Chemist: 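The structure that follows is given in the form of structure tokens.
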There are 2 protein chains.
Amino acid sequence: MRWTDIGDEQCSIARTLSVIGDRWTMLVLREAFLRTRRFDDFQRRTGAPRPLLADRLKRLVAEGILERQPYGSRSDRFEYRLTEKGVDLYPVIVSLLTWGDRWMPGESGPPIELQHKACGRSMHPELACPECGEWVGARDMLATASDR
Amino acid sequence: MRWTDIGDEQCSIARTLSVIGDRWTMLVLREAFLRTRRFDDFQRRTGAPRPLLADRLKRLVAEGILERQPYGSRSDRFEYRLTEKGVDLYPVIVSLLTWGDRWMPGESGPPIELQHKACGRSMHPELACPECGEWVGARDMLATASDR
DNA sequence: TCGCTTGCGTTCTGAAACAGAACTCTCTAC
DNA sequence: GTAGAGAGTTCTGTTTCAGAACGCAAGCGA
């Protein structure tokens, strides 16, 4: 069984995890959202072993989450940028951050701060219903799996 | 280096991943939100090997994300339920589901459906700013890491 | 009473993935 | 011509994993 073969393939959560459900991949995405773009910067900031980083970047590019683009004047230098598909992973990363800040706070306060450009406030985004606009938590929702 | 030692410990995202950043753990949480409570049901529905499932449940209990409670008349039967800390992981699981439904749709439509109890509509929750109420995406936010 | 089943794990073994250091290769700058 | 930066690849011992088998206690039916 491969690393990326997880669960039943029927579930969107399992399919998502088959692409990004790895500790280093998640940290790479964190860095991508913090505007890191180059191999060595990803390596230094995530602490991932170089062979694993190379593999994870390759996978993310293959999945269309990152784009590998030449930069500068040399033909053998590339940078990695989030695609639209990648940018759309924002809620996943933010949710991890929010939960960590709440339940596993570090000693010196949160090292990543989020500010809403429109209103200028620092905050953690929360989930709301796009239909009626109300805030929603787990208890406000009814989840139904079709296979049981 | 241990499985749960990831990154620098300085980052809330890394700390969160050190607890739940594992493919099987995430699937266990998915099931917990779908009201699965017993060992064999977790095993059957996630497909996780039994030894790994035992280990992951143990960790989640140790971290206070699940509670292990006796049920029925026998003293050696336990069920696993989300604590408040566990319930608060809802945005993480929902975000994975939402992204998967959008970018990696299955053939027969989404097998997990979310319905908002209050308004009755089926939808995927989205992120909004708790201060001003506006919807937010990655581009509406400014993320600053204090260490760079 | 004797087997059968259910539920919840643990043990065991070969296979896969990982960690960390070292190495390669190509340009550029001095 | 040599030093250094950038982007990976190779190599090797360690850890984790997958999957099947086993253990064990209680209830159940004949």
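Not measured: the values here are computed from a predicted model. Only this structure's heavy atoms are used, side chains among them; waters, hydrogens and symmetry mates stay out.
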Chemist: Within this structure, what is the CZ-to-P distance between A/Arg38 and D/dG8, rounded to whole angstrom?
Modeler: 12 Å

Chemist: Just one of B/His116, B/Glu113, B/Gln115 clears the side chain to side chain donor-acceptor pair (under 3.5 Å) bar with B/Ser122, so which one?
Modeler: B/Glu113

Chemist: Compute the angle between the rotation axes at the two ends of the helix from C/dG9-D/dC22 to C/dC30-D/dG1, each taken over five pairs, rounded to 10 degrees.
Modeler: 20°

Chemist: Reading nucleotides 21-27 of chain D from the 5' end, what letters show protein touch, with B for base, S for backbone sugar-phosphate only, - for no heavy atom under 4.0 Å?
Modeler: ----BSS

Chemist: What nucleic acid atoms does A/Arg56 come within less than 4.0 Å of, heavy atoms only: base, sugar-phosphate, or nothing?
Modeler: sugar-phosphate

Chemist: Counting side-chain heavy atoms from C-beta on, which of C/dC18, C/dT10, D/dA7 comes nearest to B/Lys58?
Modeler: C/dT10

Chemist: Provide the full list of salt bridge (Lys or Arg N to Asp or Glu O under 4.0 Å) pairs with a residue in residues 95-105 of chain B, sequence neighbours left out, each pair given once.
Modeler: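 Counting only pairs at least two positions apart or across chains, the salt bridge (Lys or Arg N to Asp or Glu O under 4.0 Å) contacts touching residues 95-105 of chain B are A/Asp88-B/Arg102.
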
Chemist: Looking only at the side chain of B/Tyr80 (C-beta and beyond, no hydrogens), which of the listed nucleotides C/dG9, D/dG6, D/dA18 gets closest?
Modeler: C/dG9

Chemist: Looking at CZ of A/Arg121 and CD of B/Glu131, how far apart are the two atoms once the value is rounded to the nearest 0.5 Å?
Modeler: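 So the CZ of A/Arg121 and the CD of B/Glu131 are separated by 5.0 Å.
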
Chemist: Run the salt-bridge test on A/Asp76 and A/Arg74 with the 4.0 Å N-O cut-off and return the result as yes or no.
Modeler: yes

Chemist: What nucleotide, of C/dC18, D/dA7, D/dA18, holds the atom closest to the side chain of A/Tyr71?
Modeler: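 Closest of the options to the side chain of A/Tyr71: D/dA7.
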
Chemist: Give a yes or no on whether B/Ile65 and B/Val61 share a hydrophobic cluster (residues Ile, Leu, Val, Met, Phe, Trp, Tyr; joining criterion: side-chain heavy atoms under 4.5 Å apart).
Modeler: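 Shared cluster, yes.
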
Chemist: Give a yes-or-no answer on whether the side chains of B/Arg15 and B/Ser18 include a donor-acceptor pair shorter than 3.5 Å.
Modeler: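 The criterion, which ignores hydrogens and geometry beyond distance, is not satisfied for B/Ser18 and B/Arg15.
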
Chemist: Check the hydrophobic clustering (I, L, V, M, F, W, Y; side-chain heavy atoms under 4.5 Å; chains of links allowed) and say if B/Phe39 and B/Phe78 are grouped together.
Modeler: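 Hydrophobic grouping puts B/Phe39 apart from B/Phe78.
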
Chemist: Looking at C/dA19, I'd like to know if its phosphate oxygens (OP1 or OP2) sit under 4.0 Å from a side-chain N or O belonging to A/Arg23.
Modeler: yes

Chemist: Take the protein atom CG of B/Leu60 and the nucleotide atom P of C/dG9, then report the distance between them rounded to whole Å.
Modeler: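 So the CG-P distance, B/Leu60 to C/dG9, works out to 13 Å.
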
Chemist: If you measure from the Lys or Arg side-chain nitrogens to the Asp or Glu carboxylate oxygens, is any gap between B/Asp41 and B/Arg44 under 4.0 Å?
Modeler: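 The answer is yes: the pair qualifies as a salt bridge.
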
Chemist: Could you check whether B/Arg44 gets within reach of a base, just the sugar-phosphate, or nothing at all, counting any heavy atom under 4.0 Å?
Modeler: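 No contact.
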
